[in-house]
Amino acid sequence: MGTVRTRFAPSPTGYLHIGGLRTALYGYLFAKKNGGKFVLRIEDTDTARYVEGSVQIIYDTMRDSGVMYDEGPDVGGNYGPYIQSERKDIYTEYAKKLVEKGGAYYCFCTPERIATLKDEEGNVRYDKHCLHLSKEEIEEKIKSGVPYVIRQNIPEKGVGSYHDLVYGDISVDYKDIEDGILIKSDGMPTYNFANVIDDHLMGITHVIRGTEYLSSTPKYNLMYDAFGWERPVYIHLPPIMKDAQHKLSKRNGDASYEDFVKKGYVKEAIINYIALLGWSPKSNVEKMSLSDLIENFSLEGISKSPSIFDETKMKWLSGEYIKEMDYDTFKSHALPFLKQSEVFGKFDTDKLLNLVKTRVQIFSEIPEKLDYLKSLSEYDVNLFVNEKQKASVSLAKEILPKISEKLSALSDFTNSALFESLVSLSADLGIKKQALLWITRIAITGKESTAGGATEIAEILGKEETLERIAFSLNLLNK
RNA sequence: GGCCCCUUGGUCAAGCGGUUAAGACACCACCCUUUCACGGUGGUAUCAUGGGUUCGAGUCCCGUAGGGGUCACCA
């Protein structure tokens, strides 16, 4: 076999959903793993379903996520054009060839006649009515402008078998396959035809796509065989589910790649996670960059059964990426989200960001984690009670003035200096430092739990604000 | 409904005839700790079901149930 060539062939119907992106990713990984090429082809033969702008979304998503193609409409290549609507003449030419070879035939049946073919369950199955038209009849009808389609001629007997690298041997009886339309009456090909022609002409060696094509693949093979072309290797992928019953889809309002990016997921984590959905590496390592994925990817790890999308796990992965990010990278990603916080601009940006770096899994959690810094308003003084830390309301009343006094004398208002100072104060007072720090933190935040400890927060608030807040809390306690 | 395919904890999953049935997320507990988080340790929890085959079955075969896909001039 020559160079491995895989392709991703989405239709521009509005967005690139998670399942589609995973299909693209596997095609990309398999090609890269084998030193091959990954091709993007736009399947826009259904003009009615075309959605403006969706081709651009496909380009953007693939670029942004790193699942980048070597050949495609906007990057070129030697097998173009890569947009099916620009290949119409090619399909017409090959359709004629297939008719000559007996693999297809002209059909002039009206929709009305087709409708009479409905069985009890409402399923229509074409009866090969036009297969037996004579050459003269066909020529005459075409000449006189009778609308027609070109149908595939499926053998009436026999079984179509092939080997799928994920699902193994698949066999479908030809009697269960209908003579599907290859060329529509508007002259455009259907997926069933364009897909085969393009995959062959573009030198695609491995066809990677969803399981929805598992049982229709034998009819594609019939065409490869009729043309005398080598069949590609098939790799069908199980679907990604929203729950046990439903596929993940935008139609159900499920998030897409761009939605997750907007929600503040680390991009690498999204790709990493979807790679793991339906595929498992030989090792137990789960956090993998795109290049790690290329290195570790193998077809044997692809599962046959559908997998349910678990946003919680993706969130965890995102958090792992954030924790390992160097600060500057983190800052550049986090800043747009920090700006949505009410505390942005009121305090030192770097200090705020440092507070939050190990405490968020996705960037959008930043504002909520920092909101407590906003202002101090009336709160339940019972928050001072903490049995484990030996803190109580009365102790708070007693030591808060001393804390205030100590802090007002402090010139170096940094975390470490504050910590040292307060610890020594607790020793002087003969109380647990935990109790003193607990009371301090409650006094300056009024919150049971906060991102950051007492002295970290005090540093961010600054001396003036810290002392004001302690005074406010003291006042509250003495009410 | 016909046909094709699938079925290991709540979720992702390893396993390819002999294992105490990995690991991860989630959950719980404990430790660490300046609350929370991080980190560490431990724990709860899985082979859909009934028959075979075999000395031995999550692994092989058949049935049943459940689920997915497909049966378009959509891809």
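Numbers restart at 1 for each chain; the letters A, B, ... are given by sequence-line order, proteins then strands.
- Ring planes of F193(A) and Y91(A): perpendicular class, angle over 60° (limits at 30 and 60°).
- One donor-acceptor pair, N or O on each side, does fall under 3.5 Å between the base of U35(B) and the side chain of R441(A).
- The residue K282(A) sits apart from the nucleic acid: no heavy atom pair falls under 4.0 Å.
- Between T450(A) and R49(A), the residue anchored closer to the 5' end of RNA chain B is T450(A), taking for each the nucleotide with the nearest heavy atom.
- To the nearest angstrom, C1' of C73(B) lies 16 Å from OH of Y91(A).
- Relative orientation of the F330(A) and Y327(A) rings is tilted, given thresholds of 30° and 60° on the angle between their planes.
- Nucleotide A13(B) forms a pair with no other nucleotide shown, judged by Watson-Crick or G-U wobble geometry with both contacts under 3.5 Å.
- Base engagement by N415(A) is indicated by at least one non-hydrogen atom pair under 4.0 Å involving a base atom.
- As rounded to whole Å, 12 Å separates atom P of C73(B) from atom CG of L117(A).
- Relative orientation of the F260(A) and F309(A) rings is parallel, given thresholds of 30° and 60° on the angle between their planes.
- By the 5.5 Å and 30° criteria, Y191(A) is not stacked with the base of C74(B).
- Of the candidate nucleotides G67(B), A26(B), A75(B), A75(B) has the atom lying nearest to any side-chain atom of D46(A).
- In this structure, G63(B) forms a base pair with U49(B), meeting either the Watson-Crick or the G-U wobble geometry with both donor-acceptor distances under 3.5 Å.
- Taking only distance into account, the side chain of K313(A) meets the base of A24(B) through a donor-acceptor pair shorter than 3.5 Å.
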Legend entry - CA sep, side-chain torsions, deciding dist, call: K374(A), E342(A), salt bridge (Lys or Arg N to Asp or Glu O under 4.0 Å): CA-CA 7 Å; K374(A) 187 170 52 181; E342(A) 293 187 53; 3.5 Å; yes

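- Contact annotation for G452(A): base contact, defined as any heavy-atom pair under 4.0 Å involving a base atom.
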